[in-house]
Every structure is written in C-alpha cells, then in structure tokens.
Amino acid sequence: MNGITILSAAAALPARRMTNDDMAAIVDTSDEWISTRTGIRQRYFCAGEETVWQLAARAARRALDEAGIDPARLAACVVATMSPAYATPSTACLVQRELGLEESILCFDLNAACSGFVFALETVRGLVTDEKPYALVIGAEALSHITDFSDRSTCVLFGDGAGAVVVAKSGAPFACVHGARGNSEALVCPAFGSEKQYLGMDGRAVFRFAVDILPRCIGGVLDKSGLAMEDIDYFVCHQANRRILDHVVKSMKADPAKFYMNLARYGNTSAASIPLALADMHTEGLLRPGMRLVCAGFGGGFTWGGVLVCWREKGEHLCD
Ligand code: UT7
C-alpha cells in the first residue's frame, strides 16, 4: 500500500491557561477529582477574539516552515475539527487565506469528532501524487466555544488547541483501520440553529466504548501491517483520559513507556489531541527518522480509526 510519512509536527495553543483550581472557581469540582478521574491538570481556552482557525493557521505555518517544502507542491490542506468558527468558509479555507496557499490545493474540513485527525491522515494518503506529494493535516478545536460551563461533568474535560503535520507521499510502511457505529446519543453537540450549542456526554458509555475499541483498533493496524507491538516505537492515542490509556496498556500487556501522554497539560482537545501529542514528542526529542508510530483515535458517533505511519524516512531530506 502506498504510504505517507510525517515530515514535521507543530502546535499552537491559546493564551488563556486554566488550572484545575481555576475550574473549581467556576463549577463544583476539585483538582483532586479531576486529576484522579482523568489525569488532567490544566487546559487552554481561547480568550477574547482568539479563533480556531487562527490556532490552525499558526500550527500549520510552523509545520510548513519546519518541513521546508515548497507549499505549491501541497496536494491538500485538511482540517479535522468539530468546533469550526463557520459552517462556511471552512477552517481549511481560512488557513489557506492566512498562509497564502495556492488555489490548486484541495482545502476542506473533516468532522469525525476525536477520530478526525486519523481519518484525515487516511484521506490525504489518497490525495498525494508524484506531482504534488505533500499534504497539510491539521487538528484544531475551540471546544470552549461549545462547552456548557455550568456542567461540571463535561467542562473540566475539554481544552482548545491545534496541532499540524506535513506529510509526504512515501514508500514507507502504512496501514489503516477505521469504523463508525452511528451512535447518536453518547456524545452530542447540536449544530447550527440550535439554542444551546453545547457538548453533552454520557461519560461512562464513552469510556466503555474507548476501552473496548482502542485495543481492537491497535490490534487491527498491527494485523494489517504484519507487525508486532515490539515493532512499534510509539502508540499515539487520542488523549481523553489517563485511565482509558492505562486500561489499554494493561489489557494489551503493552509497555507503558510506548504510550505517549500529554493530556495533563491540555485536557481533551478532540481532533487536535494526536497532532498536539506528535508536536510535543518532536519538541521533547523523542522522534527519530524511520520510527514507526501507531496513531489511534475514537470519539463521537462512535467513530474510531488507527494508522501506522513513519516519522520521516531514514535519511529523508527535509527540503525540496
Ligand atoms: O474524546 C472522547 C470523549 N470523552 C471521553 O473519552 C470521556 C470518557 N469518560 C470518562 O473519561 C469518564 O467517564 C469521566 C471522566 C467523564 C467521568 O468519570 P466517571 O468515573 O465515569 O464518573 P461518573 O460520571 O460516574 O461520576 C461519578 C461522580 C458523580 O457523583 P455521584 O453521582 O457519584 O454522587 C458525578 O456527579 O462524580 C461526579 N462528578 C464530579 N465531581 C466533581 C462528575 N463530574 C465531576 C466533577 N467534579 N467535575
């Protein structure tokens, strides 16, 4: 299967940092409850005029600068988001405008809730060509704009942010699995025309879904690629709850050090969480050319997806 490699990863966060104690000043909660139930210690919220497309554009510019590619050779710019500022123009078109990207680049948003970034990676794999071998894949959310700050069961969980990667067409190993169960109850946010455009969640139902699907999703990617757990350098899962990931590590008898976690810093940023994790791993110096990563997401609609993708290719030259 023709694959893609990730050339660069970058993050953008809003200005306003909210600790668990800050949340406890808004709703009846505590640092103790939030950190023991979720592992989250702080999150960032858009403040004032900050928008999701600004975050997306900032992360994208950084990722493009680092990759050092000619933006004219981008086949696509895809933004995974479920909290766009506009139904139209898409967040991707606003990124296109901010970055001055060429008209020939396919720009669109993709909504698969927290699985969006994984779905977007799989999508762009089918769009890159020899002539246009690169794509910009962004996960960006302003979940604070669709959060009910009187509902303690949800408002302490979510955060805002954006992560962006530049991918390149490649012969490196690639495999993907995905699915959706058409769930319409466990995670719901009404869209346009609704009076209360807030995220509502049956946390326990989502938890059960997550601990069931993540091991099967990761196992599916391994089966398809013919690789074993030991062949994978890092598992980069959607960052929703530390307990979910601990559960997965235990049930798969996996090495916990291979399951990267940064949700303590950002909370659950939905489609942005995996690229934010990749950006942090890169900043922390954890990623080396040729490393095999399995990215796995799950979320609203009971969507789920996993991809095996390499971080650069050994000896990959980062400029055209
Ligand atoms: O991105 C994908 C979407 N989301 C997820 O992956 C979330 C998956 N679910 C979860 O992470 C967990 O279910 C939660 C963290 C959301 C909740 O943890 P839980 O252990 O399932 O708690 P619970 O909903 O069963 O609530 C337990 C108690 C309740 O009180 P009572 O009824 O036992 O008296 C809640 O009212 O905790 C209470 N509670 C809180 N207490 C303090 C709920 N939220 C809070 C809060 N602070 N923020």
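As the structure lists them, so they are numbered: ligands from 1, and atoms in each ligand from 1. FYI, side chains are in, hydrogens and waters are out, and symmetry mates aren't considered; it's all heavy atoms of this structure. Small disclaimer: the values here were computed from a predicted structure and weren't measured.
Of the listed residues (Arg37, Arg243, Arg242, Arg152), the one carrying the non-hydrogen atom nearest atom 35 (C) of ligand 1 is Arg152.
Around the CZ atom of Arg243, the shell of radius 6.0 Å holds more than 12 heavy atoms that belong to other residues, nucleotides or ligands. Counting non-hydrogen atoms of neighbouring residues, nucleotides and ligands closer than 6.0 angstrom, the NE2 atom of His178 reaches no more than 12 such neighbours. Within a 6.0 Å sphere centred on OH of Tyr86, heavy atoms belonging to other residues, nucleotides or ligands number 12 at most.
Of all atoms in ligand 1, listed by their number and element, those nearer than 4.0 Å to a heavy atom of Leu187 are 3 (C). In summary, the atoms of ligand 1 found under 4.0 Å from a heavy atom of Phe298, numbered by their order in the structure, are 2 (C), 6 (O). Short contacts between ligand 1 and Val156, defined as distances under 4.0 Å to a heavy atom of the residue, involve ligand atoms 48 (N). Residue contact check: Thr29 has heavy atoms under 4.0 Å from atoms 42 (C), 46 (C), 47 (N), 48 (N) of ligand 1. Counting atoms of ligand 1 from 1 in the listed order, those under 4.0 Å from a heavy atom of Thr38 are 15 (C). In summary, the atoms of ligand 1 found under 4.0 Å from a heavy atom of His238, numbered by their order in the structure, are 1 (O), 2 (C).
Shown here, atom 13 (O) of ligand 1 is in close reach of the protein: a heavy atom of it lies under 4.0 Å off. When distances from atom 6 (O) of ligand 1 to the protein are checked, a heavy atom turns up under 4.0 Å. For atom 29 (C) of ligand 1, the nearest protein heavy atom lies 4.0 Å or farther away. At a distance under 4.0 Å, a protein heavy atom can be found next to atom 45 (C) of ligand 1.
Residue contacts with ligand 1 include Ile244, since one of its heavy atoms falls under 4.0 Å from the ligand. Heavy atoms of Ser153 approach ligand 1 to within less than 4.0 angstrom. For the pair Leu157 and ligand 1, a heavy-atom separation below 4.0 Å is found.
Regarding atom 9 (N) of ligand 1, its nearest protein heavy-atom neighbour is Gly203 O, 2.9 Å. Closest protein heavy atom to atom 21 (O) of ligand 1: Arg204 CG, 3.6 Å. Summary of contacts: the protein heavy atom closest to atom 4 (N) of ligand 1 is Met201 SD, 3.2 Å.
For the atom pair CZ (Phe174) and CD1 (Ile4), the distance works out to 4.5 Å, reported to the nearest 0.5 Å. Taking NZ of Lys132 as the reference point, atom CG of Leu106 lies at 9.5 Å (rounded to 0.5 Å). Taking OG1 of Thr51 as the start and CG of Leu94 as the end, the distance is 8.0 Å to the nearest 0.5 Å.
Of the N or O atoms in Gly299, none lie within a sub-3.5 Å distance of an N or O in ligand 1. Considering backbone and side-chain atoms together, Asn268 places an N or O closer than 3.5 Å to an N or O of ligand 1.
Taking the salt bridge (Lys or Arg N to Asp or Glu O under 4.0 Å) definition, one finds that Arg37 meets it with nothing, sequence neighbours left out.
A side chain to side chain donor-acceptor pair (under 3.5 Å) check over residues 267-290, counting only residues at least two apart or in different chains, returns the pairs Glu66-His282, Glu141-Ser270, His238-Asn268, His238-Ser273, Tyr260-Glu284, Asn262-Asp280, Arg265-Asp280, Arg265-Glu284, Tyr266-Asp280.
For the 3.5 Å distance criterion, the side chains of Asp21 and Thr19 fail to qualify, holding no donor opposite an acceptor. Side-chain contact, Thr81 with Asp109: no donor N or O sits under 3.5 Å from an acceptor N or O. Neither side chain, Lys169 nor Thr5, offers a donor N or O lying under 3.5 Å from an acceptor on the other. A donor atom on one side chain and an acceptor atom on the other are found under 3.5 Å apart for Asp160 and Ser144.
Of the heavy atoms in Asn241, only side-chain atoms (C-beta onward) come closer than 4.0 Å to ligand 1. Counting heavy atoms under 4.0 Å from ligand 1, residue Trp33 touches it through the side chain alone.
Cation-pi geometry between Arg58 and Trp53 is not satisfied (NZ or CZ under 6.0 Å from the ring centre, within 45° of the ring normal).
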